[in-house]
Enquirer: 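I'd like to ask some things about the structure below.
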There are 2 protein chains.
Amino acid sequence: MADSEGRTTRTTVRTITDLARLAGVSPGTVSRALAGKSLVNTQTREKIEALAREHGFRPNQMASGLRRQKTGVIGVVIPLGHDTRQQISDSFFMTLLGYLADELTTHGYDLMLRRVVPETDPDWLDRFIGSGMIDGVIVIGQSDQFERIEDVADGYRAMVVWGNHTEGQRHCVVGTDNRLGGRMAAERLIAAGATRLAFLGDTGPMEFAARFAGAQDVAARMGLSPILPLPTHLSPNRASAEIAQHLAVHGHAIDGIFAATDTLAALCLTELRAQGLAVPEDVKLVGFDDLPVARQTVPALTTVRQDIAAGARGLVDLLLRRLAGETTESFVLPPELVLRETA
Amino acid sequence: MADSEGRTTRTTVRTITDLARLAGVSPGTVSRALAGKSLVNTQTREKIEALAREHGFRPNQMASGLRRQKTGVIGVVIPLGHDTRQQISDSFFMTLLGYLADELTTHGYDLMLRRVVPETDPDWLDRFIGSGMIDGVIVIGQSDQFERIEDVADGYRAMVVWGNHTEGQRHCVVGTDNRLGGRMAAERLIAAGATRLAFLGDTGPMEFAARFAGAQDVAARMGLSPILPLPTHLSPNRASAEIAQHLAVHGHAIDGIFAATDTLAALCLTELRAQGLAVPEDVKLVGFDDLPVARQTVPALTTVRQDIAAGARGLVDLLLRRLAGETTESFVLPPELVLRETA
DNA sequence: ATTGCTGTTGCAATCGTTTGCAAGATGATT
DNA sequence: AATCATCTTGCAAACGATTGCAACAGCAAT
């Protein structure tokens, strides 16, 4: 094709109307053809498809979304605690995010990622939902926002949350049975010979609280003294110093540590060595998550496994069902103890 | 407010028109008030803002985006190689993604994440850009898609790529000087006494090829025999077996390994121990990235550091500039050798 | 009383796609 | 030849927010 000055010009076709003009049909027909509806003559459809391919045309998703009142996008939001840097780079969340991306893609959805700091933005969840940009939302981690999530759940169905399940809660959640996982960890530590236990990690977030409670159950049942909580930030740079401090104070008063995550466990292992405490001889150690790092530490980490891939599948599956109008129950995954060398 | 049956009904206000009716003004005025334009009377604005707050109203971003021809969303796309599972869960990419999320949020943009497999979807980049859903795109990793990215760059400005810089390329890239990093790694191995070097990792992807080439430079300059490439997948489950295999065959013929990433280096360390090779006595080892794992291995990993946070800042900064119409040069970050215990 | 200015507001078109409805074409049936 | 059913297609009205333009009010200056 050549314009009046003789240059070859690929007529730019941006809209469905442009394409319709080229094909000699109406925009409506083009829309139907591209959407693969059955009401279009086969020849017409093929002609339109050919033209679309030739000009690399794709219908504008904003306009389409506006008209159809759905966007094909699922929001994934990570509420961060006080410790801003904390979780977004945390292996566990990132791994889960990776699987979610896979799973959503497979089902034809795009993923919109948002990290929020509820403390400075109390309106975080409504804002995301009300933006009109997403068909549904997956919340990764309840953090300390349980109540707000509950409130929203009453009026908004297209939401699924990764986190801990509490009896009678109103929002749909997918997550590991943290309390049971905590019991497993404590049982293992005790079976390995430990009697004075500590819990490494913040007990504020619900998941961690449940893990701690589970361990506490066992300690109480076995008649041991209560488990010593050693609160610690999750960001690696702060955690190391805090762990070192904890060990300096309590290192010789304890002989079993249940770490809230493998990341903390790995750091703890380094600090234990630095302070001359042998694992598992002097101190037994159990982690949580079974991240790749658990296999690589020396000695390799005994830990409670969460099936992250299954979790991602569950989140997406439940969300899609809810989008389709079903009512869904929460989905609790069983933890699994992985025996390695630290306990 | 109460309806005829006496229930209190928060009249649902979904659109700007609803709100306008409530406020007794026209939709246009509401739009202007909420957008913070100066042409609205202060009292009117306050009244509208109060109503909006009361009813939790937010303008629909789809409609807004359509009209204004911008979405406030930046696309982030990760092209995966053959090895589908490979990178999305790779620590390096995930860490970069975390920083990107931070950085984009700070600038008021949302992040739309998409993972693609170029082999099965040759059109991946045009599709994303042409969707009309994003104002710009950040490509994480060139993978083996250099040419396609170049093609797109000619016609689309709002793109920045994480990857390797090649003389004369047309797309704007941010990344570490991989070749220099490779030289640093090889120099360190040699300084530590190694003379028969190997490169652990696939040399296909551009970044890795450059690292390998840098190491090769040094080997040639020092008159050593060529570096032995030991191609390996990145996914942890496959990598371990492949590394074991490599070491079984060549383990005693080499005394220095440059691993393409810290992840591989950490796995390699495990396999070396399993095969009874002492590090650094029998074999020296240098990694790349300086991920948290590098600090936690035993012995701790000597590695070439990439400043991921700076990279994320660079990507976002350049992209925003391009959105504003500037022409930008690529941005190459200096690598830094971090001496620990493996070399 | 007229003119001109400033500050606010409303009107209506627009962004690009989808879809209910009706109209036209075609062929089959009576 | 008239009637009817079946396919295709076009028309035009949405979806919800934005914005150029014009109108209007209020006020000051002439």
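Note that this is a predicted model, so its numbers are computed, not measured. First the proteins, then the strands, lettered A, B, ... as listed; each starts at 1.
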Enquirer: Is there a side-chain polar atom (N or O) of B/Ser26 under 4.0 Å from OP1 or OP2 of C/dG10?
Expert: yes
Enquirer: Under the criterion side-chain contact (heavy atoms from CB on, under 4.5 Å), I'd like the reasoning laid out for A/Gln145 against A/Leu125: C-alpha separation, chi angles, the key distance, then a yes or no.
Expert: CA-CA 10 Å; A/Gln145 299 289 304; A/Leu125 190 47; over 6 Å; no
Enquirer: In whole Å, what is the span from the CG atom of B/Asn60 to the C1' atom of D/dC15?
Expert: 9 Å
Enquirer: Mind calculating the distance between CD1 (B/Ile48) and C1' (D/dA17) to the nearest angstrom?
Expert: 14 Å
Enquirer: Starting from P on D/dG10, measure out to CD1 on A/Ile16 and report it in whole angstrom.
Expert: 13 Å
Enquirer: Where the side chain of A/Arg32 is concerned, which of C/dG16, D/dC11, C/dT8 is the nearest nucleotide?
Expert: D/dC11
Enquirer: I want to verify a distance call: between D/dA17, C/dT17, C/dT18, whose nearest atom is closest to the A/Arg68 side chain?
Expert: C/dT18
Enquirer: Identify which nucleotide among D/dC15, C/dT9, C/dC15 has an atom closest to any side-chain atom of B/Val40, counting heavy atoms from C-beta outward.
Expert: C/dT9
Enquirer: Please tell me if A/Lys37 has a side-chain N or O lying less than 4.0 Å from either OP1 or OP2 of D/dT8.
Expert: no
Enquirer: Under 4.0 Å between a side-chain N/O of A/Ser31 and OP1 or OP2 of C/dT18, yes or no?
Expert: yes
Enquirer: Among D/dT18, D/dT9, C/dT18, which nucleotide has an atom closest to any side-chain atom of B/Ser64?
Expert: D/dT18
Enquirer: I need the CG-C1' distance between A/Asp18 and C/dT17, as an integer number of Å.
Expert: 13 Å
Enquirer: Quick check on D/dG16: is either OP1 or OP2 less than 4.0 Å from any side-chain nitrogen or oxygen of A/Gln69?
Expert: yes
Enquirer: Under 3.5 Å, is there any donor-acceptor pair linking the side chain of A/Arg67 to the base of C/dT17?
Expert: no
Enquirer: What's the closest nucleotide to the A/Leu66 side chain, out of D/dC21, D/dT18, C/dG16?
Expert: C/dG16
Enquirer: Any base atoms under 4.0 Å from A/Val30, or only sugar-phosphate, or nothing? Heavy atoms, all strands.
Expert: nothing
Enquirer: Would B/Arg21 and B/Asp18 pass as an ion pair if we require N to O under 4.0 Å?
Expert: yes
Enquirer: For B/Arg45 and A/Leu34, find the nucleotide of DNA chain C closest to each by heavy atoms; which residue's nucleotide sits nearer the 5' end?
Expert: B/Arg45
Enquirer: Less than 4.0 angstrom from a charged side-chain N to a carboxylate O is my criterion; do A/Glu103 and A/Arg313 meet it?
Expert: no
Enquirer: Ignoring backbone atoms, establish whether B/Thr29 has a side-chain N or O less than 4.0 Å from OP1 or OP2 of C/dG10.
Expert: yes
Enquirer: Do A/Tyr109 and A/Asp135 touch side chain to side chain, with heavy atoms closer than 4.5 Å?
Expert: yes
Enquirer: Step by step, work out the side-chain contact (heavy atoms from CB on, under 4.5 Å) result for B/Val116 and B/Arg127.
Expert: CA-CA 11 Å; B/Val116 298; B/Arg127 269 220 303 192; over 6 Å; no
Enquirer: Please work out if A/Lys70 contacts a base, only the sugar-phosphate, or nothing of the nucleic acid, heavy-atom cut-off 4.0 Å.
Expert: nothing
Enquirer: Rounded to the Å, how far apart are A/Gln61 CD and D/dC15 C1'?
Expert: 16 Å
Enquirer: Output the rounded distance in Å from CE (A/Met62) to C1' (C/dT18).
Expert: 17 Å
